[in-house]
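Below is one structure; the comments refer to it alone.
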Amino acid sequence: MKLNPSLMGLYQLLLDTYGPQNWWPVDHLYHREHKTDPKDEIIIGAVLTQNTLWSRVEIALDRLKRMGELSLNFVRKCPSEILEEIVKPVGFYRQKVRTLKALAELLEKVREPNYEDLIKLKGIGPETACVILLYAFHQPTFVIDKYTLRILQRLYGLKLTPKKAKKFMEEHLPKDVGIYKEYHALLDQHAKKFCKSTPLCGGCPAATYCLSANPSF
DNA sequence: TGCCAGGTGAAAG
DNA sequence: CTTTCACATGGC
């Protein structure tokens with residue numbers, strides 16, 4: 001077993017393996033044609049994707065485009081009951097609509113929210129808040145999800161709380177929004193391909209560096 | 001057929 | 001502080 005790679009080493013490995021993920025996906029053509037804010041798509045997607053497959057979110061985003069408008073302004077003016085029907089495929093749709101309404105309200109008053117503003121809203125936790133700040137507002141805040149925690153534990157033997165993990169990532173990486181965006185996406189991809197609940201260590205690109213794939217160490 | 005997916009919040013032990 | 005549960009839908 002080789003030495004554990006640095007976080008940047010792991011980043012390079014994942015980038016070489018999977019290629020750029022280019023998160024967050026945005027339909028720029030749509031927003032150009034409808035004169036809507038691409039930011040809104042990221043914010044709406046961030047809430048809708050909570051504990052749900054992205055493929056479900058895409059269905060809901062398409063339905064918003066067809067049945068209304070993919071914008072926070074539409075979220076604001078559309079009655080909750082209608083909005084709930086539109087985004088129903090994502091699951092947890094009642095609470096997600098409630099959250100979207102509150103978010104749209106906040107962002108009508110506050111041009112650029114901070115972490116505290118967001119986390120106060122029911123339905124916005126640490127991860128969704130960081131996703132919005134990083135991908136919509138380009139603030140250098142590292143997004144921690146359960147995949148990040150799992151990979152840190154398996155690779156390095158680190159059992160961290162989300163707060164500690166965030167601190168760890170930010171202390172060991174250049175404060176670079178581009179890297180933060182891409183790294184989170186790559187970790188997500190890696191967790192889906194190999195570092196699943198029951199890991200597929202055979203063929204895993206990080207196996208030679210990973211504690212978990214080398215029981216003898 | 002039960003488990004899980006780009007979480008969060010409330011309540012209990 | 002940690003475990004557990006509800007929140008909901010649909011694919012595998």
Side-chain angles (χ1 to χ4, degrees), chain A residues 11 14-15 18-27 39-64 67 70 80-106 113 115-137 139 141-154 158-166 169 177 179-200:
Chain A
Y11 177 74
L14 296 177
L15 191 58
Y18 302 111
Q21 305 297 300
N22 296 311
W23 277 18
W24 197 275
V26 171
D27 186 347
K39 235 197 287 63
D40 290 8
E41 178 171 357
I42 298 170
I43 292 162
I44 291 167
V47 172
L48 294 185
T49 197
Q50 291 173 350
N51 203 51
T52 305
L53 296 167
W54 181 253
S55 54
R56 308 258 96 226
V57 177
E58 287 183 316
I59 294 169
L61 295 178
D62 283 340
R63 292 174 64 162
L64 273 170
M67 303 165 79
L70 184 45
S80 294
E81 303 73 45
I82 308 293
L83 206 48
E84 286 169 3
E85 287 306 311
I86 296 175
V87 306
K88 185 170 279 193
V90 301
F92 303 131
Y93 57 91
R94 275 185 276 265
Q95 54 183 43
K96 284 175 182 175
V97 163
R98 178 163 36 77
T99 303
L100 284 174
K101 286 278 187 186
L103 243 185
E105 194 70 25
L106 169 69
Y115 183 79
E116 282 67 38
D117 293 330
L118 294 171
I119 206 98
K120 275 181 201 153
L121 304 180
K122 189 171 293 183
I124 306 283
E127 181 175 345
T128 307
C130 287
V131 164
I132 291 172
L133 293 175
L134 177 61
Y135 291 102
F137 293 98
Q139 293 181 22
T141 177
F142 202 93
V143 177
I144 302 297
D145 60 4
K146 57 183 166 189
Y147 296 149
T148 312
L149 299 177
R150 180 197 290 166
I151 291 170
L152 286 178
Q153 166 146 25
R154 295 226 177 112
L158 295 171
K159 302 178 287 289
L160 302 176
T161 61
K163 201 172 173 180
K164 291 271 186 74
K166 178 174 161 60
M169 297 303 288
V177 172
I179 291 176
Y180 284 14
K181 288 181 181 178
E182 193 56 46
Y183 208 153
H184 172 65
L186 286 166
L187 289 171
D188 187 277
Q189 179 70 2
H190 183 56
K192 283 175 181 161
K193 292 283 186 182
F194 290 100
C195 212
K196 307 180 173 202
S197 305
T198 53
L200 306 174

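Bear in mind the structure is a predicted one, so any value in this text is a computation, not a measurement. Here is how names work: the chains are called A, B, and so on, in the same order as the sequence lines, proteins then strands, and each is numbered from 1.
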Whole-Å distance separating the CH2 atom of Trp54(A) from the P atom of dG11(C): 18 Å
Separation of atom NZ in Lys146(A) from atom P in dG7(B), rounded to whole Å: 5 Å
Closest listed nucleotide, where the reference is the side chain of Arg56(A) and the choices are dG9(B), dG7(B), dG11(C): dG11(C)
Rounded distance (Å) that lies between atom P of dA6(C) and atom NZ of Lys122(A): 18 Å
Sugar-phosphate, base or nothing in reach of Gly91(A), heavy atoms under 4.0 Å: base
Any side-chain donor near an acceptor of the partner, Lys166(A) and Thr148(A), under 3.5 Å: no
Whole-Å distance separating the CG atom of Leu100(A) from the P atom of dT8(B): 13 Å
Whether Phe142(A) and Tyr183(A) hold their rings parallel, tilted or perpendicular, with breakpoints at 30° and 60°: perpendicular
Rounded distance (Å) that lies between atom P of dT9(C) and atom CD1 of Ile86(A): 16 Å
Phosphate OP1/OP2 of dT8(B) contacted by Lys96(A) side-chain N/O (<4.0 Å): no
Touch class at under 4.0 angstrom, heavy-atom based, for Gln95(A) against every strand present: base
Parallel, tilted or perpendicular: rings of His184(A) and Tyr135(A) (30°, 60°): tilted
Under 4.0 angstrom between Tyr93(A) side-chain N/O and dC7(C) OP1 or OP2: no
Donor-acceptor contact present, side-chain Glu182(A) to main-chain Asn22(A), <3.5 Å: yes
Contact under 4.0 Å: Thr128(A) side-chain N or O vs dT8(B) OP1/OP2: yes
d(NZ, Lys120(A); P, dG9(B)) in whole Å: 14 Å
For atom CG of Leu48(A) and atom P of dT8(B), their distance in whole Å: 14 Å
Options dT9(C), dA10(B), dT8(B), nucleotide nearest the side-chain atoms of Lys88(A): dT9(C)
Distance (rounded to the nearest 0.5 Å) between Asp188(A) CG and Leu14(A) CG: 11.5 Å
Atom pair distance, as rounded to whole Å: CG in Leu53(A) and C1' in dG7(B): 13 Å
side-chain N/O Arg94(A) vs dA8(C) OP1/OP2, d < 4.0 Å: yes
Most 5' of Gly123(A) and Thr52(A) on DNA chain B, judged by nearest nucleotide: Thr52(A)
Span that lies between the P atom of dA8(C) and that of dT1(B), in whole angstrom: 25 Å
